[in-house]
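Here is the structure we will look at, set down as structure tokens.
Order of the sequence lines fixes the chain letters, A, B, ..., with proteins taken first and strands second; residue numbering starts at 1 for each chain.
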Amino acid sequence: MSDKIRVRYAPSPTGHLHIGNARTAIFNWLFARHNGGEFIIRIEDTDLARNIEDGERSQLDNLKWLGLDWDEAPDKPNAKYAPYRQSERKDSYQVYIDELLAKGLAYKSYKTSEQLTAEREAQQAAKQAPHYVYEYEGLTNEEREAKYAEFEAQGLKPVVRFRVDDDKVYAWDDIVKGRIEIGAKEVGGDWVIQKADGMPTYNFAVVVDDHLMEISHVLRGDDHVSNTPKQMMIYEALGWDVPKFGHMALIINAETGKKLSKRDNNVLQFVEQYRELGYQPQAMVNFIGLLGWSPVGEDEIFSLQEFVEMFDEKRLTKANAKFDQKKLEWINNQWMRRDKEKVMPQLINELVQAGLVSEADAVAKADWLAKVIEVAGVDGISYTKEIVELARKPFFELSDITPDMVEWLTSDEGRAVFNAWEARYAALPADAKAADYMDVIRSIQTDLEVKGRPLWNPIRIATTHEVQGPNLPEMLELFDKDQVLATMAAVREQYLN
RNA sequence: GGCCCGUUGGUCAAGUGGCUAAGACGCUGCCCUUUCACGGCGGAAUCGAGAGUUCGAUUCUCUCACGGGCUACCA
């Protein structure tokens, strides 16, 4: 085995990229890149029934979106250890299954699922831990072969089970948790390494692949801790070196306190969903990189490159972390403001998607739209889709005037302000600037001796049908003068005549 | 039930045998301001419990409690 650092991210293509998986991928990638090592993606698709059509594509696509790259993966068919899909590596597994069978370290088992459940239930009824019962105890090899033939004759399909030596103890120095020791008897007896459909099981296939692909470090969720002794048994049986293991704490659902699961509908937990809402990839990486890992200093905003430089696997947290949506929103806000130029087209596109702006205007009026977005309050939003409701009124639609607003308008003060404003606004040139509007409003304040809301509200209502919102002079600069005049005329017509 | 892992403010977390126990999100007060947001300055809030070791434990040991993970022909 070379001493090159090689790590892998090995998803099963059963769904889109989950936050938890993304974190595993990110930390493996950071570990590799920090150490000048290699990052491999392998698709663990041995459960034919659960694979979904687009799973693999979606995984790679979203990883790429997050900014990760890889040295070997199914999309690089000429890479050294190809293929990188377990379903295409059956021959490799067969070699070692045969070897274990030949050495007597594994055997064929023909028990039906009914038998297995019955066994398990009986054990549970007797208050015993479920434990596989070896069915060939005391038989010679020949006698066992004879049994095989007998079962085959009955048309039964075998699985291959690994023969576990219950007396052994498996121990390793975990990169994140320190020393862990688990007795072989805890794995529950002889376990299946090859299923009846000929596919290897996960615990067997990972070992063969990790060894063949020269994986040096395995960084994964700590839900795999109890799989580790099983995997170590295979390394041992085949005489292979064991990689270094690191079991990272899990991300848990803040509401249920349980491991974030695909069935939790109360949290958005697929990278894709955040992507659709307009979260920035840098923000996702930034947030995920800080869940279960902490840097040395006090900063919170980091680029992928900064993470690469700082990464230190010793700073991985031991305790589970709750997923804090609010902090993600804040981090995303920070990134949007940092990269505003880059995000602007995406923001404009949100307005198009919402039907507020035509495709043609999105291009033709891009500069104006950028100003609208700025004035509408882009600095306060958590993700790009939020700009739609912020900009909608009054830039693209007007609200209805409420009874409250009518009162502001029809008081003596309100009428006076409205009249002055209407006249002085009309007198301003069409290309007046925010400062010009401000001057006019100040002049009304001085002349009529009105200030505060009694001054601003009638003006706001007259021009925007709102009593609050972004800085009014700045909005006025962006409005079309004829349209504002028409709006005011309509207000006068309906409420002030 | 068994085995394994964990426990610092609401959340993410730093940290150490002796410190006023960092920082960030959130919450909150004040300022800015026509309003909202932004921004600025403050504030409240944490070492799960009990024994031990020690001159001294948040830090080391043990027990307990609580939380989580696993316990498949899923990965």
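- Two rings, from A:Tyr136 and A:Tyr148, have their centers less than 6.0 Å apart.
- Residue contacts for A:Glu300: at a heavy-atom cut-off of 4.0 Å it reaches a base atom on one of the strands shown.
- Remark: side-chain polar atoms of A:Gln86 are not paired, donor with acceptor, to backbone N or O of A:Glu44 under 3.5 angstrom.
- Between A:Arg460 and A:Glu466 there is no salt bridge, since no side-chain N of the basic residue sits under 4.0 Å from a carboxylate O of the acidic one.
- The CG-P distance, from A:Asp324 to B:C25, rounds to 11 Å in whole Å.
- A close approach under 4.0 Å does not occur between any side-chain nitrogen or oxygen of A:Lys327 and OP1 or OP2 of B:G10.
- For B:C12, neither phosphate oxygen OP1 nor OP2 lies less than 4.0 angstrom from any side-chain nitrogen or oxygen of A:Arg23.
- A:Leu250 comes within contact range of the sugar-phosphate backbone alone, with a heavy-atom separation under 4.0 Å but no base atom that close.
- To the nearest whole angstrom, the two C1' atoms, one in B:C19 and one in B:U11, are 25 Å apart.
- Rounded to an integer number of Å, the gap from CD of A:Glu114 to C1' of B:C73 is 12 Å.
- If you take NE2 of A:His131 and C1' of B:U71, they are 12 Å apart, rounded to a whole angstrom.
- Using the six-membered ring where Trp is involved, A:Tyr134 and A:Tyr107 have ring planes that are perpendicular, over 60° apart on the 30 and 60° scheme.
- Taking the side chain of A:Thr201 as heavy atoms from C-beta on, and the options B:G6, B:A75, B:C38, the nearest nucleotide is B:A75.
- For the P atoms, the distance linking B:C38 with B:U71 amounts to 45 Å, nearest Å.
- Formation of a donor-acceptor pair under 3.5 Å by the A:Glu306 side chain with backbone atoms of A:Ser303 is found in this model.
- A donor-acceptor contact under 3.5 Å is not formed by the side chain of A:Asp45 with the base of B:A75.
- One P atom belongs to B:A45, the other to B:G9, and the distance between them is 14 Å to the nearest Å.
- Here the P atom of nucleotide B:G1 and the CD atom of A:Glu186 are 15 Å apart, to the nearest Å.
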Pairing pattern in dot-bracket form [Watson-Crick, G-U; both distances under 3.5 Å; | = partner strand] for RNA chain B
(((((((..(((.....[....))).(((((.......)))))....(((((..]....))))))))))))....
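- Each of B:C70, B:C73, B:C5 was ranked by its minimum atom distance to the side chain of A:Arg120; first place goes to B:C73.
- Checked against a 6.0 Å centroid threshold, the rings of A:Phe479 and A:Tyr437 do not count as neighbours.
- Look at A:Arg337 and you won't find any side-chain N or O under 4.0 angstrom from OP1 or OP2 of B:C38.
- Taking only side-chain nitrogens and oxygens, A:Ser226 never comes nearer than 4.0 Å to OP1 or OP2 of B:C3.
- The distance between atom CH2 of A:Trp191 and atom P of B:C73, rounded to the nearest whole Å, is 11 Å.
- Residue contacts shown for A:Arg220 are absent, as no nucleic acid heavy atom lies under 4.0 Å away.
- Residue-level contact check: A:Gly292 touches the backbone only, with heavy atoms under 4.0 Å from sugar-phosphate atoms and none from bases.
- Considering only side-chain N and O atoms, A:Thr317 lies under 4.0 angstrom from the phosphate OP1 or OP2 of B:A13.
- The side chain of A:Asp47 lies closest to B:A75, out of B:G69, B:U34, B:A75.
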Would you please test A:Tyr110 and A:Glu135 for side-chain hydrogen bond (donor to acceptor under 3.5 Å, both in side chains) and show each step?
CA-CA 9 Å; A:Tyr110 294 80; A:Glu135 63 266 52; over 6 Å; no
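- When the P atom is compared between B:C64 and B:C5, the two are found 15 Å apart, to the nearest whole Å.
- Put simply, A:Arg460 has no side-chain N or O that comes within less than 4.0 Å of OP1 or OP2 on B:C36.
- A cation-pi arrangement is absent between A:Arg8 and A:Phe39 under the rule of less than 6.0 angstrom and at most 45 degrees off the ring axis.
- If you check B:C5, B:G26, B:U35 against the side chain of A:Gln468, the one that comes closest is B:U35.
- Atom C1' of B:A49 sits at a distance of 22 Å from the matching atom of B:U16, rounded to the whole Å.
- Base contact: A:Lys111 has a heavy atom under 4.0 Å from a base atom.
- By the 5.5 Å and 30° criteria, A:Trp330 is not stacked with the base of B:C25.
- Here B:C73 presents its C1' atom at 13 Å from OH of A:Tyr107, a figure rounded to the nearest Å.
- Atom CG of A:Asp174 is separated from atom C1' of B:G6 by 13 Å (rounded to the nearest Å).
- Nucleotides B:G15 and B:C60 place their P atoms 13 Å apart, quoted to the nearest Å.
- For B:U8 and B:A13, the C1' atoms lie 9 Å apart once the distance is rounded to whole Å.
- Side-chain atoms of A:Ile182 lie closest to B:C3 of the nucleotides B:A22, B:C3, B:C70.
- Rounded to whole Å, the distance from NE2 on A:His247 to P on B:C4 is 15 Å.
- Taking atom P on both B:A22 and B:G42, the two are 15 Å apart, rounded to the nearest angstrom.
- Nearest to the side-chain atoms of A:Arg453 among the listed nucleotides B:G23, B:A75, B:U34 stands B:U34.
- Of the candidate nucleotides B:A14, B:G23, B:G6, B:A14 has the atom lying nearest to any side-chain atom of A:Arg315.
- Taking the ring axis of A:Tyr132 as reference, the NZ or CZ atom of A:Lys111 stays within 45° of it and closer than 6.0 Å to the ring centre.
- A distance-only check finds no donor-acceptor pair linking the side chain of A:Ser58 to the backbone of A:Asp54 [under 3.5 Å].
- Contact annotation: A:Lys259 reaches the phosphate of B:C70 (side-chain N/O to OP1 or OP2, under 4.0 Å).
- Side chain of A:Trp456, nearest nucleotide from B:C38, B:C70, B:U34: B:U34.
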